Amino acid sequence: MKVIIVGGVAGGATAAARIRRLDESAEILVFERSGYVSYANCGLPYYIGGVITDPEELTLQTPESFWERFRVSMKVRHEVTAIHPEQKTVTVRNLETGSVFEESYDKLLLSPGARPTQPELPGTGLDRLFTLRTVEDTFRIHEFVTRNKPRSVILAGGGFIGLELAENFREQGLDVTIVQRPRQLMNPFDPEMAAFIHAKMRKKGVRLMLGHSVEGFREKDGAIQVLLKEGEPLSADMVVLAIGVTPDTPLARQAGLELGIKGSILVNDRMETSVPDIYAVGDAVQVKHFVTGEDTLISLAGPANKQGRIAADNICGGDSRFPGSMGSSVIKLFDMTAASTGINERAAKKSGIDCDKVYLSPSSHAGYYPGGRVMTMKVLFEKKTFRLLGAQIIGYDGVDKRIDVLATAIQAGMSALKLKELDLAYAPPYSSAKDPVNMAGFMIENISKGLLKQFFWDEIETLPRDESAILLDTRTEEEYAGGHIEGFVNIPVDELRERMDELEKGKTVYVICQSGLRSYISCRILMQHGFDCRNFSGGYRLYQTVMLDQAAAEQALPCGKDL
């Protein structure tokens, strides 16, 4: 059997190695148009920032090491320019010599990945404008920074690549501005959770210009200007386009393969395309979202590697299936960590799912052990069934651990009510006896039993402020004096039983504290004395973060100001 693989990075390299492990006699050819194979895309920003200092660390394998270990022929700087399904051949151009030749196959695997989205805007070919996809792109940016010593950079886009570059450029002392049309960074997060990300970026000196459309680029006075739809241009020493990625599928389109969202390649759960003996994996393919079952694009290394293994199994006569992807992800933002899995609230509503949620602010480990840091968690579930839908966590130590537990629970089809039963490892330096994931389960169980009724940050402005309701803040007097929501009266939780006669029965009581815990305790006290209570989920800390974010957005860097 002769197998040709187009693309030698995540999915392609994984498939090549797996095919060899399953079939020692197969002839395996990999064509990669860049000069590198099996490289760590996710590590590229950290080489630019000097965290990774040896360029050889970016490549997990070389063509030589792949041949020595797997007897796979890795042809770098070779571009497949055409597929001929009827003849089962491909046309290949050697980018070093310019020679063109035909190569036959029994099985063909496409793993072309996704390319940085480059809208047709004026100035996209300028020397000071960069994109980041390959090792060569990384070296080009690194060389520019080393040689020219830029003082400022504009990042067009605030997704994974944009934020990782922002961190690395700031650590090198550059002035950094992120400009994009969406009004929040990191689309996987809901707006109130993204507010914590915005706060961290601003605190670290990154300027955020959200809600601004880029219309083009031009060079002026030795700098590059970003032209905005409304307002004067922004100027910097360099610009990186990081507005997203687009499936790299012209080859598939020309070959007549069926395409899906944004021109992605349609595949079934065996990673088979619409054409016999042609498979496709990675960022170029359309997949099913594990939670919603809807068609989607998820450009992450984890799913790409799994798909490469599945395609290899099936190429070798097996029957492996890809169940879909949840988009589980994590990102380092200076000293902070942000992670998500499943769907967010916005996606749930778009899919017509009646969802509910809980917010909590647990410590990363036992409170009595030094060094604990607060994390903010949002866990989503379906109202009637309590099916887990997704989670978002922002904090410091332990964020990645909890998001992985929740991702596993979703994958296993667990009810949100079962989170309370998970037997998770505990020692004071690592967790609490009631792990944050267990705590989320306890809260959801309380909702299911009617012990907890909630209201949320986006309902504050519409709360009744008349004789029908009582707005109650149960923090300490000092906390209340340091900042509170207008209209809320202060009775600390520890004084509530003695001062209950200050509250009139028959009115709905809306209760708030700093994180949601003391207000929940207050609600339990009041409900057992005949009051109808609603607990503010997320607490004043969440509300204050959102309000500060909105205020900062209104006071963003004025258009036309040089960086």
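Bear in mind the structure is a predicted one, so any value in this text is a computation, not a measurement. The analysis underlying the following values was restricted to heavy atoms, covering all of them including side chains, and did not include hydrogens, waters or symmetry mates.
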Engineer: Are the side chains of F381 and I447 in touch, meaning some heavy atoms are under 4.5 Å apart?
Structural biologist: yes

Engineer: Give the C-alpha distance, both sets of side-chain angles, the deciding distance and a yes or no for side chain to side chain contact (heavy atoms under 4.5 Å, CB included) between Q172 and V145.
Structural biologist: CA-CA 10 Å; Q172 289 187 313; V145 172; 3.9 Å; yes

Engineer: Hey, which of T134, L132, D137, I161 is the one that makes side chain to side chain contact (heavy atoms under 4.5 Å, CB included) with L44?
Structural biologist: L132

Engineer: Indicate yes or no: at least one non-hydrogen side-chain atom of M414 is less than 4.5 angstrom from one of T408.
Structural biologist: no

Engineer: Examine F536 together with F456 and report whether their ring centres are nearer than 6.0 Å.
Structural biologist: no

Engineer: Check the side chains of T341 and S328 for a donor-acceptor pair under 3.5 angstrom, ignoring hydrogens and angles.
Structural biologist: yes

Engineer: Counting only N and O atoms by type, is there a donor-acceptor contact under 3.5 Å from the side chain of N268 to the main-chain atoms of M271?
Structural biologist: yes

Engineer: Donor-acceptor pair, S340 side chain versus F189 backbone, under 3.5 Å?
Structural biologist: no

Engineer: To check you understand the geometry: which heavy-atom pair defines the closest contact between V76 and Y36, and what is its length?
Structural biologist: CG1-N, 4.2 Å

Engineer: Can you list the steps and then say if N446 with Y520 is a side chain to side chain donor-acceptor pair (under 3.5 Å)?
Structural biologist: CA-CA 10 Å; N446 286 338; Y520 164 67; 3.0 Å; yes

Engineer: Between K288 and D269, is there a salt bridge with N-O shorter than 4.0 Å?
Structural biologist: no

Engineer: Does a sphere of radius 6.0 Å around CZ in F334 hold more than 12 heavy atoms from other residues, nucleotides or ligands, not counting ones at 6.0 Å or beyond?
Structural biologist: yes

Engineer: Can you tell me how far the CE atom of M375 sits from the OG atom of S363, to the nearest 0.5 Å?
Structural biologist: 7.0 Å

Engineer: For the residue pair V546 and A195, what are the closest heavy atoms and their distance?
Structural biologist: CA-CB, 4.1 Å

Engineer: Does the side chain of R133 come under 3.5 Å of the side chain of S34 through a donor N or O and an acceptor N or O?
Structural biologist: no

Engineer: Please determine whether side chain to side chain contact (heavy atoms under 4.5 Å, CB included) holds for the pair L155 and L241, giving the CA-CA distance in whole Å, both sets of side-chain angles, and the decisive distance to 0.1 Å.
Structural biologist: CA-CA 6 Å; L155 304 171; L241 267 180; over 6 Å; no

Engineer: Begin with the C-alpha distance, continue with both residues' side-chain angles, and end with the deciding distance and a verdict on salt bridge (charged side-chain N to carboxylate O under 4.0 Å, His left out) for K418 and E421.
Structural biologist: CA-CA 5 Å; K418 292 290 185 179; E421 300 175 6; 3.5 Å; yes

Engineer: Drop me the distance from I394's CD1 to M377's CE, to the nearest 0.5 angstrom.
Structural biologist: 12.0 Å

Engineer: Distance under 6.0 Å and angle within 45° of the ring axis: does K107 meet both against Y279?
Structural biologist: no

Engineer: When rounded to the nearest 0.5 angstrom, what distance separates CD1 in I5 from OG in S111?
Structural biologist: 8.0 Å

Engineer: Compute whether any side-chain donor of one residue and acceptor of the other, for N187 and R346, lie under 3.5 angstrom apart.
Structural biologist: yes

Engineer: Using the side chain to side chain contact (heavy atoms under 4.5 Å, CB included) rule, pick out the option among D435, L406, L424 that qualifies with L419.
Structural biologist: L406

Engineer: Without swapping roles, check the side chain of R373 against the backbone of G395 for a donor-acceptor pair under 3.5 Å.
Structural biologist: no

Engineer: Applying side chain to side chain donor-acceptor pair (under 3.5 Å), run through T117 and T246 and close with a yes or a no.
Structural biologist: CA-CA 5 Å; T117 302; T246 302; 2.9 Å; yes

Engineer: Less than 4.5 Å apart, any side-chain heavy atom of Y396 and any of V374?
Structural biologist: no

Engineer: Would you say E258 and S274 are linked by a side-chain donor-acceptor pair, where the criterion is simply a distance under 3.5 Å?
Structural biologist: no

Engineer: Answer yes or no: is there a donor N or O on one side and an acceptor on the other, between the side chain of T14 and the main chain of G11, under 3.5 Å?
Structural biologist: no

Engineer: Taking atom types as modelled, is there a side-chain donor on N535 or Q454 under 3.5 Å from an acceptor on the other?
Structural biologist: no

Engineer: The test is side chain to side chain contact (heavy atoms under 4.5 Å, CB included); show your working for I48 and F169 and say whether it passes.
Structural biologist: CA-CA 8 Å; I48 293 170; F169 281 132; 3.9 Å; yes

Engineer: For S320 and D313, which I'm curious about, is there any donor-acceptor pair between the side chains at under 3.5 Å?
Structural biologist: yes

Engineer: Return yes when atom NZ of K262 has more than 12 non-hydrogen atoms of other residues, nucleotides or ligands closer than 6.0 Å, and no otherwise.
Structural biologist: no

Engineer: Is the shortest side-chain heavy-atom distance between L210 and H198 below 4.5 Å?
Structural biologist: yes

Engineer: Are side-chain heavy atoms of V206 and T177 found at a separation under 4.5 Å?
Structural biologist: no

Engineer: Quick one: do the E192 and Y543 side chains pair a donor with an acceptor below 3.5 Å?
Structural biologist: no

Engineer: How many angstroms lie between CZ in F386 and CD in E445, if you round to the nearest 0.5 Å?
Structural biologist: 10.0 Å

Engineer: Taking C-beta and beyond as the side chain, do L185 and Q180 meet within less than 4.5 Å on heavy atoms?
Structural biologist: yes

Engineer: At what distance, to the nearest 0.5 angstrom, does NZ of K306 lie from OG of S325?
Structural biologist: 7.5 Å

Engineer: Looking at T249 and G263, would you say the former's side chain and the latter's main chain have a donor-acceptor pair under 3.5 Å?
Structural biologist: yes

Engineer: Between F139 and Y47, does a ring pair (Phe, Tyr, Trp, His ring centres under 6.0 Å) hold up when you go through it step by step?
Structural biologist: CA-CA 9 Å; F139 292 160; Y47 177 71; 5.7 Å; yes

Engineer: Any chance you could lay out the salt bridge (charged side-chain N to carboxylate O under 4.0 Å, His left out) test for R402 and D404, step after step, and finish with the verdict?
Structural biologist: CA-CA 5 Å; R402 274 68 188 212; D404 282 344; over 6 Å; no

Engineer: Go through the steps to decide whether E136 and R140 satisfy the test salt bridge (charged side-chain N to carboxylate O under 4.0 Å, His left out), and finish with yes or no.
Structural biologist: CA-CA 6 Å; E136 287 92 341; R140 196 174 301 116; over 6 Å; no

Engineer: Is it true that Q118 and T131 share a donor-acceptor pair across their side chains at a distance under 3.5 Å?
Structural biologist: no

Engineer: Regarding N344 and Q392, is there a side-chain donor-to-acceptor distance under 3.5 Å anywhere?
Structural biologist: no

Engineer: Just verifying a value: how many Å separate F160 CZ and S299 OG, rounded to the nearest 0.5 Å?
Structural biologist: 10.0 Å

Engineer: Please check: side-chain N/O of H365 versus main-chain N/O of S431, any donor-acceptor pairing under 3.5 Å?
Structural biologist: no

Engineer: For the pair V287 and T296, evaluate side chain to side chain contact (heavy atoms under 4.5 Å, CB included) and give the outcome as yes or no after the intermediate values.
Structural biologist: CA-CA 6 Å; V287 299; T296 189; 3.9 Å; yes

Engineer: Is any side-chain heavy atom of I265 closer than 4.5 Å to a side-chain heavy atom of Q286?
Structural biologist: no

Engineer: Between N314 and R270, is there a donor-acceptor pair closer than 3.5 Å when you use the side chain of the first and the backbone of the second?
Structural biologist: yes

Engineer: Are the side chain of S351 and the backbone N or O of I353 linked by a donor-acceptor pair below 3.5 Å?
Structural biologist: no

Engineer: Test salt bridge (charged side-chain N to carboxylate O under 4.0 Å, His left out) on K332 and E164; report intermediate values, then the result.
Structural biologist: CA-CA 7 Å; K332 175 181 177 293; E164 288 169 348; over 6 Å; no

Engineer: Looking at T545 and R541, would you say the former's side chain and the latter's main chain have a donor-acceptor pair under 3.5 Å?
Structural biologist: yes

Engineer: Would you say the side chain of L109 lies within less than 4.5 Å of the side chain of I4, judging by non-hydrogen atoms?
Structural biologist: no

Engineer: Compare every heavy atom of A339 with every heavy atom of V330, then report the nearest pair and how far apart it is.
Structural biologist: CG2-CB, 3.8 Å

